[in-house]
Amino acid sequence: VARERHVVLLALAPFAVPAVAGYFMIRERPQAAYELLPEGMIARAEAGVSAEQEGTGYAETPDPFLPLVATGIIANNVQVAIGAFAFGITAGIGTAFVLVFNGLFLGAVLGLFANYGLADWLLTFVAGHGVLELAAIFVAGGAGFLLARAIIAPGDLSRRDALVVHGRTAIRMLGAATCMLVLAGTIEGFLSASAATPAVKIGVSASSGVLLALYLANGYVHMKRNT
């Protein structure tokens with residue numbers, strides 16, 4: 001991940017730009033939410049006003065169901081990561097689509113909740129697991145773009161050999177992203193969906209950010225030693 005950080009950063013753009021665009025579009029044209037977002041998400045936003053007043057968090061789930069919630073979240077997120085990676089074989093077009101779609105959806109959802117005055121309420125839910133989850137998506141997207149580079153610009157290698165060389169690295173990046181998503185999904189299922197206080201969720205968010213920074217710094221140190 002540290003060595004191929006340029007493709008990870010490249011994956012940030014097709015996610016972040018649509019996310020910002022989706023947010024401001026829904027803020028300026030609230031009716032667009034009914035065209036872009038599923039009815040269930042709109043219903044959650046509408047119900048969120050009373051839920052916040054009652055002190056109930058977003059997607060707060062009774063304790064006995066938290067393991068099921070965590071399992072479903074992990075499975076869904078890993079599928080997204082695998083898609084972002086595998087679609088790199090389409091010269092990166094499919095990878096870019098996955099990133100754009102998920103970025104646009106996230107921005108539109110945040111804009112929807114902001115229109116109801118619930119942006120902080122939603123972000124409190126996202127805080128605990130969001131750092132690792134987003135980082136994992138960017139790493140998986142970077143892995144997909146690494147495959148795309150082997151196809152588009154193989155250099156002195158044949159495309160087949162370039163796919164083998166870059167594919168090995170991309171697979172390891174996907175493995176790293178999957179580990180991040182398992183941890184993020186566990187946090188989301190057991191903490192974000194629980195009745196834990198906002199302070200606890202934000203504290204876990206900060207801790208996961210530190211963990212991620214140490215992980216990347218460790219990779220950077222090893223990369224320097226091997227070069």
Side-chain angles (χ1 to χ4, degrees), residues 1-29 32-33 35-38 41 73-114 119 122-123 126-127 129-155 159 162-163 166-181 184-185 188 205 208-209 212-213 215-216 219:
V1 174
R3 187 173 66 248
E4 302 298 341
R5 60 192 179 279
H6 55 286
V7 290
V8 177
L9 292 175
L10 178 63
L12 175 62
F15 183 96
V17 173
V20 173
Y23 174 81
F24 284 108
M25 178 177 62
I26 299 300
R27 291 289 280 163
E28 295 177 5
R29 294 179 53 223
E35 302 172 8
L36 294 176
L37 298 174
M41 187 60 67
I73 290 169
I74 291 170
N76 178 73
N77 290 342
V78 170
Q79 285 179 355
V80 172
I82 291 175
F85 158 73
F87 283 131
I89 203 68
T90 64
I93 296 174
T95 297
F97 176 81
V98 171
L99 293 169
V100 168
F101 175 83
N102 282 277
L104 181 62
F105 183 81
L106 177 62
V109 168
L110 183 57
L112 169 68
F113 279 78
L122 177 63
L123 289 174
V126 174
H129 62 275
V131 172
L132 291 175
E133 186 171 287
L134 290 176
I137 296 302
F138 301 148
V139 170
F145 285 140
L146 196 58
L147 293 182
R149 187 177 73 181
I151 296 172
I152 298 171
R159 283 188 172 83
L163 278 172
H166 293 306
R168 290 172 180 167
T169 301
I171 286 289
R172 294 173 68 184
M173 292 173 67
L174 178 63
T178 301
C179 290
M180 292 181 198
L181 288 173
E188 184 173 356
S205 177
S208 65
L212 180 62
Y215 167 73
L216 294 175

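Here the straight-line distance linking atom CZ of Arg5 with atom CG of Leu216 works out to 10.5 Å at 0.5 Å rounding. Atom CE of residue Met41 and atom CG of residue Leu112 lie 8.0 Å apart, to the nearest 0.5 angstrom. The CD1 atom of Ile152 sits 11.0 Å away from atom CG of Leu147, with the distance rounded to the nearest 0.5 Å.
Here the closest non-hydrogen pair linking Pro154 and Arg159 is CG-CG, 3.9 Å. A pairwise comparison of heavy atoms in Leu181 and Ala81 identifies CD1-CB, 3.5 Å as the closest pair.
Identified under the salt bridge (charged side-chain N to carboxylate O under 4.0 Å, His left out) test for residues 81-109, with sequence neighbours left out: none. Screening residues 74-94 for salt bridge (charged side-chain N to carboxylate O under 4.0 Å, His left out) gives no qualifying pairs among residues at least two apart or on separate chains.
Between Leu146 and Arg149 there is a side-chain heavy-atom pair separated by less than 4.5 Å.
Applying the ring pair (Phe, Tyr, Trp, His ring centres under 6.0 Å) test to Phe145 and every residue at least two apart in sequence or in another chain returns nothing. Every side chain to side chain contact (heavy atoms under 4.5 Å, CB included) that Ile89 has, sequence neighbours left out, goes to Ile151, Leu163. Contacts of Phe85 classified as ring pair (Phe, Tyr, Trp, His ring centres under 6.0 Å), with partners at least two apart in sequence or in another chain: none. Partners of His166 under the ring pair (Phe, Tyr, Trp, His ring centres under 6.0 Å) rule, at least two apart in sequence or in another chain, do not exist in this structure. The side chain to side chain contact (heavy atoms under 4.5 Å, CB included) check on Ala119 picks up Leu110, Ala114, with sequence neighbours excluded. Residues satisfying the side chain to side chain contact (heavy atoms under 4.5 Å, CB included) criterion with Phe87, sequence neighbours excluded, are Thr90, Thr95, Val98. With sequence neighbours excluded, no residue forms a salt bridge (Lys or Arg N to Asp or Glu O under 4.0 Å) with Arg27. For Arg172, the side chain to side chain contact (heavy atoms under 4.5 Å, CB included) test picks out no residue, with sequence neighbours left out.
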Please output the side-chain donor-acceptor pairs of residues 7-24 that fall under 3.5 Å, not counting sequence neighbours, one pair per line with the distance.
none

Distance-only criterion, 3.5 Å: show the donor-acceptor pairs between side-chain atoms of residues 131-140 and protein atoms not counting sequence neighbours.
residue	atom	partner	partner atom	Å
Glu133	OE1	Asn77	ND2	2.9

Is there a side-chain contact (heavy atoms from CB on, under 4.5 Å) between Leu36 and Met25 once you walk through the steps?
CA-CA 11 Å; Leu36 294 176; Met25 178 177 62; 2.9 Å; yes
